[in-house]
Amino acid sequence: ADKDEKKLKTILKFIYNLKIFDPACGSGNFLIIAYKQLCFLEIKIFEKLLEINPEDWKMSVSGISLNQFYGIEKSNYATETSKLSLWLAEHQMNLSFKEIFGTIKPALPLSETGKIICDNSINVDWDKFCQYEKKTSHIYIIGNPPFKSFSERNNSQQEDVIKILNKKTKMDYVGLWFIKGSDFINKIENSSLALVSTNSINQGEQVNLLWSIIFKHNIEIIFA
């Protein structure tokens with residue numbers, strides 16, 4: 001596809017309609033890396049398009065928006081850090097664009113904040129927060145949710161488990177994110193989930209506690 005203008009434009013359209021969602025985003029590291037890597041890919045595509053059709057593509061400007069990135073974080077400080085970090089990442093990538101193409105998106109006013117909210121992810125309806133719309137090409141759920149074993153949980157975390165499972169259980173706390181994530185991708189066809197976790201969710205009693213719920217959905221595990 002690297003010499004086919006139509007195919008390259010199709011890839012750009014896919015990128016511009018992606019949504020990246022981290023339901024345990026902390027200070028935004030996963031979202032920032034995803035944003036930067038998509039921008040680097042976009043730059044490579046524009047460079048190829050410039051070779052093919054220099055007149056049409058010489059004034060290229062990034063079409064990736066911070067509003068494609070969604071995050072939920074319980075800590076107010078981390079939420080604000082995540083928003084600021086995304087702004088800084090956007091500024092860095094704008095400078096990279098300017099260096100190559102000589103044009104840059106306006107940096108001010110700071111109108112795009114990314115869709116980052118301060119809330120308990122367990123209480124948020126994920127598919128209403130990060131909605132699949134007609135033009136959405138794909139939703140990727142990524143992140144590194146909190147891990148707490150049964151004995152380490154505080155009262156609030158114990159209540160979170162009961163909210164999702166309607167009972168007390170020794171399931172690892174991180175399992176709640178897998179359950180909510182599997183519900184999400186079961187509802188939305190063009191979506192995928194990849195979460196960092198300890199391997200304990202695949203061992204001992206955790207297997208039956210967690211995976212018996214997930215395997216009720218018509219979803220596929222493509223890597224682990």
Side-chain angles (χ1 to χ4, degrees), residues 18-35 37 68-79 82 114-132 136-224:
L18 280 178
K19 292 184 178 183
I20 310 295
F21 173 29
D22 186 343
C25 70
S27 297
N29 190 50
F30 278 51
L31 296 176
I32 293 160
I33 292 172
Y35 170 74
Q37 291 301 315
Q68 294 174 244
F69 297 84
Y70 294 71
I72 305 172
E73 170 52 44
K74 201 171 184 178
S75 162
N76 183 65
Y77 178 81
T79 302
S82 181
K115 298 182 183 297
I116 315 295
I117 62 169
C118 180
D119 206 334
N120 180 355
S121 192
I122 300 304
N123 295 335
V124 176
D125 188 334
W126 291 5
D127 55 306
K128 287 184 179 178
F129 171 62
C130 183
Q131 292 185 348
Y132 186 88
T136 306
S137 54
H138 204 92
I139 298 175
Y140 289 99
I141 301 176
I142 58 175
N144 185 10
F147 170 80
K148 292 288 181 182
S149 65
F150 179 71
S151 61
E152 294 175 319
R153 290 182 206 146
N154 58 34
N155 290 335
S156 175
Q157 290 161 343
Q158 296 282 26
E159 290 171 5
D160 286 343
V161 173
I162 295 171
K163 284 175 193 172
I164 300 299
L165 300 172
N166 296 315
K167 62 181 179 180
K168 290 184 178 180
T169 173
K170 291 186 177 181
M171 182 192 293
D172 288 348
Y173 189 55
V174 73
L176 301 185
W177 272 259
F178 280 90
I179 290 171
K180 289 196 64 141
S182 65
D183 286 342
F184 185 101
I185 65 175
N186 187 51
K187 292 177 187 174
I188 298 173
E189 184 177 353
N190 293 326
S191 61
S192 304
L193 169 75
L195 300 177
V196 177
S197 174
T198 61
N199 62 6
S200 61
I201 63 170
N202 292 324
Q203 298 174 0
E205 64 181 342
Q206 293 298 321
V207 174
N208 185 56
L209 292 172
L210 175 60
W211 297 101
S212 61
I213 297 171
I214 291 175
F215 286 154
K216 290 177 182 177
H217 294 317
N218 183 30
I219 56 178
E220 179 185 3
I221 299 174
I222 57 172
F223 79 98

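Ser182 approaches Ile219 most closely through the heavy-atom pair CB-CD1, 3.6 Å. Of all heavy-atom pairs spanning Gly71 and Phe129, the tightest one is O-CZ, 3.6 Å. When all heavy atoms of Pro145 and Leu195 are compared, the pair lying nearest together is CG-CD1, 4.0 Å. Nearest approach of Ser82 to Gly28, heavy atoms of both residues: OG-CA, 3.3 Å. Here the shortest heavy-atom pairing between Glu73 and Ala24 reads OE1-C, 4.3 Å.
With sequence neighbours excluded, no residue forms a salt bridge (charged side-chain N to carboxylate O under 4.0 Å, His left out) with Asp183. Taking the salt bridge (charged side-chain N to carboxylate O under 4.0 Å, His left out) definition, one finds that Lys180 meets it with nothing, sequence neighbours left out. With sequence neighbours left out, Gln158 forms a side-chain contact (heavy atoms from CB on, under 4.5 Å) with Phe150, Arg153. Residues forming a salt bridge (charged side-chain N to carboxylate O under 4.0 Å, His left out) with Lys163 (at least two apart in sequence, or on another chain): Asp160. In this view, Ser121 and Trp126 satisfy the side-chain hydrogen bond (donor to acceptor under 3.5 Å, both in side chains) rule, not counting sequence neighbours. Looking at residues two or more places apart in sequence or on another chain, you find a side-chain contact (heavy atoms from CB on, under 4.5 Å) between Ile201 and Asp172, Val174, Phe178, Ser197, Leu210, Trp211. With sequence neighbours excluded, no residue forms a side-chain hydrogen bond (donor to acceptor under 3.5 Å, both in side chains) with Asp22. For Ser191, the side-chain contact (heavy atoms from CB on, under 4.5 Å) partners at least two apart in sequence or on another chain are Ile139, Phe184, Ile185, Ile188. For Gln37, the side-chain contact (heavy atoms from CB on, under 4.5 Å) partners at least two apart in sequence or on another chain are Ile33, Phe40. Residues that satisfy the side-chain hydrogen bond (donor to acceptor under 3.5 Å, both in side chains) test with Asn190, not counting sequence neighbours, are Tyr132. Every residue two or more places apart in sequence or in another chain was checked for a side-chain hydrogen bond (donor to acceptor under 3.5 Å, both in side chains) with Ser75, and none qualifies.
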Are Lys168 and Val161 close enough, and set up right, to give a side chain to side chain contact (heavy atoms under 4.5 Å, CB included), and what steps lead you there? CA-CA 7 Å; Lys168 290 184 178 180; Val161 173; over 6 Å; no
Show your reasoning for whether side chain to side chain contact (heavy atoms under 4.5 Å, CB included) applies to Leu165 and Ile213. CA-CA 10 Å; Leu165 300 172; Ile213 297 171; 3.6 Å; yes
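To the nearest 0.5 Å, atoms CD1 (Ile122) and OG (Ser156) are separated by 9.5 Å. For the atom pair Ile142 CD1 and Ser192 OG, the distance stands at 11.5 Å (nearest 0.5 Å). With rounding to the nearest 0.5 angstrom, the OG1 atom of Thr79 is 8.0 Å from the CD1 atom of Ile116. Remark: Ile164 CD1 to Leu176 CG distance equals 6.0 Å, nearest 0.5 Å. Note that NZ of Lys19 is 4.0 Å distant from OG1 of Thr136, once rounded to the nearest 0.5 Å.
Two residues are said to be in side-chain contact when any heavy atoms from C-beta on lie closer than 4.5 Å; Asn144 and Asn29 fail this criterion. For the pair Ser200/Phe147, a side-chain contact is recorded, criterion being any heavy-atom separation below 4.5 Å from C-beta on. Residues Leu31 and Phe21 form no side-chain contact, since every pair of their non-hydrogen atoms from C-beta on lies 4.5 Å or further apart. Taking the side chain as every heavy atom from C-beta outward, Ile162 and Glu159 never approach each other to under 4.5 Å. A 4.5 Å side-chain heavy-atom check between Ile214 and Ile221 finds every atom pair outside the cut-off. Side chains of Trp177 and Pro146 form a contact here, defined as non-hydrogen atoms less than 4.5 Å apart.
Enclosure of atom CG in Asn155 is not indicated, since only 12 or fewer non-hydrogen atoms of other residues, nucleotides or ligands lie within 6.0 angstrom. Around atom CG of Asn218, no more than 12 heavy atoms belonging to other residues, nucleotides or ligands sit under 6.0 Å away.
Counting only distance, with no hydrogens or angles, the side chain of Gln206 and the backbone of Gln203 share no donor-acceptor pair below 3.5 Å.
The salt bridge (Lys or Arg N to Asp or Glu O under 4.0 Å) contacts involving residues 184-206 comprise Asp127-Lys187, where partners must be two or more places apart or lie in separate chains.
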